[in-house]
Structures are given as C-alpha cells and as structure tokens.
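The structure appears right after this line, and notes come after that.
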Amino acid sequence: MFRQAQVHPEADSPRCVTPSAELETAGKRGTRWGLGLFRNLQGGTLKKQQRRQVWVMVVMTLIPIVTLAILAIVLMTNSSSNNSRLSWLREEVGGSVQNAGHLVHRLQIERGRTAFYLSSRDEAEIPKLQTIYQKTDSAIANISWVNDNSLMLPDFFESKELYKDHLERFRRTVTSAITNVTLVEVITFYTNDIDVITGWLLQAVQSYDHAGGLWSKLISYQLLLLAKENAGKERAIGGTFYSRGGFNLHDDFLWFMNESVSGKTLLNTAMRFSSFLQEASEVAVDKYVVSQIDAMRSEIKLNDHQSLESSVVKGDIWFQNMTQFIDDLREVQITLGGSIIEDLDTDMRWSLYNLVACAFLLSTVLITGPLIIRGIIHQTQQIQRVGDSLHRKTLELREEKKRSDSLLYQMLPKVVAEQLKLTGQTTAETYDEVTVFFSDVANFTAMSAISTPIQVCFVYKNAHLVIMMLVENGKH
C-alpha cells in the first residue's frame, strides 16, 4: 500500500523558464533550422532540375526547327542554282536556236552558191552571191557572239567584226577574175566555220543534264543542224556534178556519197529522238521536192559520163531543189527551236516557283521558330510554377497534419487516436488488476498564490517523476 506523499516546492524558485525547458526550446529550434536547411537544399536541387527540364524541352524543339531550316536552305540554294543555270541556258540555247541556227543556215546557202559559181564560172551568179553575202552579214549582226577562249578558236572568232573581215577576204578571193580557189577549199572553208558555230550550240546542249523531253529535243536539234550541214555540202558537191557533166575524180564521188548518206542518217536519228521533230517534218517538208531530189541523187550515184553533159540549168535545178529542202528543214529547225525555248521558259518558271516556295518556307521557320521556342519555355515555366505551388501546399499540408496529430496525441493515447482516425470509433479496454493512487500536495493553495502557472506545472511534473521512481523501486 502506497503512502500519501507530500511535495514541498522550493521557496526561492525563480519566475523563469527552467534549464530543461530551455533545452527543449533549443532542440525545437534546431529541428526547425535543420528542416529549413533541408528545404533550402531541396529547393536548390529542384531549381536545377527545372532549368534542366527547360533546356531539354528547348533542345527537343530546336532539333526539328533547325533540321527544317537547314532543309529549306539546301532546297533554296539548289533552286537558286538551278534557276541561275536555267537562265544561263535559256540565254545560251535560246540565242543559239534563234541566231546561231540562222547564221549556220545562211553560211550553208553561201557555201552552196559559191561552189556552184566556181564549178560553172557563170558571171550571172555573182549578183546572186552578193545578195547572199548581205543576208549572211545580217545574220552575223543578229547573233549573240560567243568568245570562249577555252575552245581554242582562231583569232577571227574573237568578235563579229573580225569574222566579217575574215569572210570578206575570202569572198573577194572567190569572186576575183584570177581566182584559183578550188571546190574543196570552198567547202572546207565554210564547213570549218559552220562546225565552230554549231559547236556553240553543242556546248550549251551538253550543259543541260536533265533527262526528259527537253533533253531529247536539244539532241534532236543538234542532229538536225548536222543533217542540214551534210545536206548543204551535198548540195554544193551535187551542183558541180551537173555543171561539169559528172565527177572527174573518184574521190569527189565518194565525198558526195558520204555527205548524202550521213545527212539521211542524222536526220532519221534526230526524228527518232523526238516525236515532235517527226511531226514538224511531216508538216514542213515538201514531199514532192524530196522525190525530185531522190531522183537526181540516183542519177548522180550512177555517175555515167557517157550519157551526161555539163548543164548549168540542170545544176541550178538541183541547187534550187536542195535549197528548198534545206529551207524546209530550216522551218522545222525554227519550230523545234521555238518549242525548246518554250520548254526552257516553263522550266524557269517552275524553278522560280520552287525558289519562292523555299524562301517562304525558310522565312516561316525563322519567324515561327523563335515564337514556338518562347512559347514552350513559357508553358514549361508555367507548369513548373504550378508544380512548385503544389509541392509547397503538400509540404504545408504535411506540417499541419503533424501538428494536428501531435495535438491529438497529447489529448488522447496514441492507440486510441489512431483507431479514431481509421474507424471513427474506439474500443474500451479492460484490466484484471489496477492500482489507484490518490495524492495531495501540502500547502497547495499558498504555493499557488506565490507561483506562476509554469512553476505549478513544473512542481506537478517533478512530483510525478518522483512518484514514478517510487513505483518502479517498489516493484523490485
């Protein structure tokens, strides 16, 4: 049986917080300081993670934008290069088709008429030659002259004026009374010049590396020029056949046959390359004139000196028929040239459209790209701010829950409090044996009068500790 204990407080207890209370307060302050430090460290780490997330989003957005910008630049560069190349090709091929082709045609006519004049020695041919010379000079004046040193051209091809002087010197030699120019020299002279001018067009054709209808038309145009060139030489050599009453030399006969067969082969090849050329030939070429030429070719191929007599009239008929045929080929050449120029203009328009589209794409990327990046950064930061707010609210809620739980545990035993939180009710507990201790504090009324509430609580606490020590000692 426990005795009633009397606890007397010390009379000189100070009216202040005890050392144990100071230690308890310091411990709480240390705990709060440690928690604050942890939160600061956690906040710094969170800021780094947020910045890293922003950079990741920016980089992921930049990758497709930069890729699209590079693609647009490449496409625009290719389109610009293609447009420049087509512009140059339009100028070169267009000039060759419109001007060089006409000059070649005039030189071919001048070559044929000059050869016929030398073989016939008919003074009536000189006025005709003078008219042809004027037309050739006019064609030279209209051509876009090409001065390409890489082709290793003779000096007289440096300019139009030098080439005119070159032609004029040869013309004076041919039409002089004491000329000793041969047929071979005449044909060689004009053929060499025609080959150079035709080479200008060939160079432009080779620079066009696109497959398709335009490329085939360019090749057909080149072959048509070569076929016309062979027809022009055939005209010149055939005219001497009639004016002289046959070929005196076997080499002249072989020469004629070579030009005749080569011209037919080139023309047929050109038509196989381009159906457009074949259709244009059906319309432009006079079939009756072709049949007359074929008949006279058959006569020339026989080269029967016994049944032939020199005839300037028949030679002129041959010349006129061949001229008509070459003029018809010239019309086909003009038609095909116009189609080539039209196709080049179409390609240039499409190339310009592509260039404009690529420029629009690039400008769109450059304008919208920064706006998209800025919007993504703003949205990411907004999401992060919302996340930070939710995180702070969660921490505050946890702190409030801890404080409410602490207050609840002070009011009720922890087991009872947990049961109430989980189920909303608690179960009463029973014990077989219990000990009830009643105590009284001596002079409590006088002590309370001179003590503060904190000191009273401190007295009760110490009394409780003493009693618990006595109880523990009593067990032993």
So, do Tyr163 and Phe157 have ring centers that fall under 6.0 Å from each other?
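Yes, close enough.
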At what distance, to the nearest 0.5 angstrom, does CG of Leu362 lie from CD1 of Ile367?
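Result: 9.5 Å between the selected atoms.
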Please check if the side chain of [X] supplies one atom and the backbone of [Y] the other of a donor-acceptor pair under 3.5 Å.
| X | Y | value |
| --- | --- | --- |
| Ser138 | Lys135 | no |
| Thr364 | Phe360 | yes |
| Thr131 | Pro127 | yes |

Looking at Phe319, does the NZ or CZ of Arg113 lie under 6.0 angstrom from its six-membered ring centre and within 45 degrees of the ring axis?
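Yes, a cation-pi geometry.
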Between [Y] and [X], does any NZ, NE, NH1 or NH2 come within less than 4.0 Å of an OD or OE carboxylate oxygen?
| X | Y | result |
| --- | --- | --- |
| Lys421 | Asp405 | yes |
| Glu234 | Lys228 | no |
| Lys287 | Glu282 | yes |

Tyr409: ring pair (Phe, Tyr, Trp, His ring centres under 6.0 Å) partners, not counting sequence neighbours:
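Ring pair (Phe, Tyr, Trp, His ring centres under 6.0 Å) list for Tyr409, sorted by chain: empty.
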Return all side-chain donor-acceptor pairs below 3.5 angstrom for residues 67-78, not counting sequence neighbours, or 'none' if the list is empty.
unit_1: Thr67; atom_1: OG1; unit_2: Ile63; atom_2: O; d: 2.7
unit_1: Thr77; atom_1: OG1; unit_2: Ile73; atom_2: O; d: 2.7
unit_1: Asn78; atom_1: ND2; unit_2: Val74; atom_2: O; d: 3.3

Partner residues of Leu420 under the side chain to side chain contact (heavy atoms under 4.5 Å, CB included) criterion, sequence neighbours left out
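Here the qualifying residues are Leu412, Val416, Thr426.
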Answer with yes or no whether the side chains of Gln108 and Tyr190 bring together a donor and an acceptor at under 3.5 Å.
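Not at all, the side chains of Tyr190 and Gln108 share no donor-acceptor pair under 3.5 Å.
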